[in-house]
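The block underneath contains the structure these notes are about, expressed in structure tokens.
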Amino acid sequence: MGLDIKSVLVVDGVGANCTEILNSHGIKVTNKAKITKEELLKEIPNYEALVVRSASQVTKEILDAGSRLKVVGRAGAGVDNIDVDAAGKKGIGVINAPGANALSACELTCGLTMALARYVVPAATGLRAGRWDRALYTGTELNGKTLAILGLGRVGREVAVRMHAFGMKIVGFDPFVSAEQCKEFHATKMELEQIWPLADYITLHTPLIESTRNFINADVLKKCKKGVKLINVGRGGLINERDLLDALNAGQVGAAALDVFEKEPPTDPLTLEIIQHPAVVATPHLGASTKEAQIRVGQEIAEQLVNLVKPGTYATPLAEVTRVLAK
Ligand SMILES: O=C(O)[C@H](O)COP(=O)(O)O
């Protein structure tokens, strides 16, 4: 017997295919690409399911207001914008589409790493402003440099394979991945204290949880090579922004490519100063923003919802973040 889900609220610009799939099974969908907290609070009592990307914060307050809510679907990987504990306590299931956008996040990571090595953004910005600054922008090859990948899940592994093909030495940290598994994607497993003085580039691919908040902080940065380059397509809270700005100003961090920020969209003056810094390349959380990834996440989350209503309709497995649906 499936869940009784008649109407779903889809927000944050989730792909149209999500709506199409749900509609084709008789499930009514209301789409609101942009929604404020106040609107969400007002709307949520009318729905049995909510589908979000990272923009909407599904707080306890929203969950409490969702008197009919049975499931929250995250059309993407990270569930740090959803109060999963509060959902669990209320018997509301949380599901996500964990692997569906991994390749896109990986490709942006690789692109940003290359952009840092060759000053692509400042050089292009200078040329657009009429400056032919060849001497300013002598880069470095990636070949032979050490890339540290912190978090060897779906995205980290794909990054390892691709950057290894550029001749980079890949070192990785992930407490849940063995040294043997690391070999499959050309990475050498190391402890963090071994990694800091070795890495020329550090890229972050861990989820944002209490133990990973401020993972990269002043203590860590001072153990790194002077001029280390950071890439963050994971989550803003993984890097302490105050410590990053200090390290950029001191030249301890040579450059940073940031796709994610402590608060999005960024309004804090400190974050804005980081974004404006000449050694920083910043993009507005575009890791999963490709046509292919959005088709995959829309499809995966819709098929899981249909399976909850009509069990066994699709082969897509349930990516359940909370366990309450199993009861
Ligand atoms: O956690 C994720 O899946 C990525 O950060 C993408 O987030 P988005 O769906 O808001 O683009």
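Note that ligands are numbered from 1 as they come in the structure, with each ligand's atoms numbered from 1 the same way. Keep in mind that what you see is a predicted model, and the values were worked out from it rather than measured.
For ligand 1, the atoms lying closer than 4.0 Å to a non-hydrogen atom of His285 are 4 (C), 5 (O), 6 (C), 7 (O).
Polar contact with ligand 1: present for Gly78 (N/O pair, distance under 3.5 Å). For Arg235, a nitrogen or oxygen atom sits less than 3.5 Å from a nitrogen or oxygen atom of ligand 1, counting backbone and side chain alike. Some N or O of Ala77 is nearer than 3.5 Å to an N or O of ligand 1, by distance alone.
For atom 10 (O) of ligand 1, the closest non-hydrogen atom on the protein side is Ser54 OG, 2.4 Å. Looking from atom 6 (C) of ligand 1 to the surrounding protein, the closest heavy atom is Ala288 CB, 3.5 Å.
Checked by atom type, the side-chain pair His205/Thr203 shows a donor-acceptor distance below 3.5 Å. No hydrogens or angles considered: nothing links the side chains of Thr59 and Asp83 as a donor-acceptor pair under 3.5 Å. A donor-acceptor pair shorter than 3.5 Å cannot be found between the side chains of Thr271 and Glu262.
Residue Ala75 touches ligand 1 through its backbone alone, judged by heavy-atom distances below 4.0 Å.
Classification of Glu107 and Arg162 as a salt-bridged pair fails, no side-chain N sitting under 4.0 Å from a carboxylate O. A salt bridge does not link Lys223 with Asp219: every distance from a Lys NZ or Arg NE/NH1/NH2 to an Asp or Glu carboxylate oxygen is 4.0 Å or more.
For an aromatic pair to be called close, the ring centres must be under 6.0 Å apart, and His25 with Tyr314 satisfies this.
The closest heavy-atom contact to atom 9 (O) of ligand 1, among the options Arg74, Gln294, Glu264, comes from Arg74.
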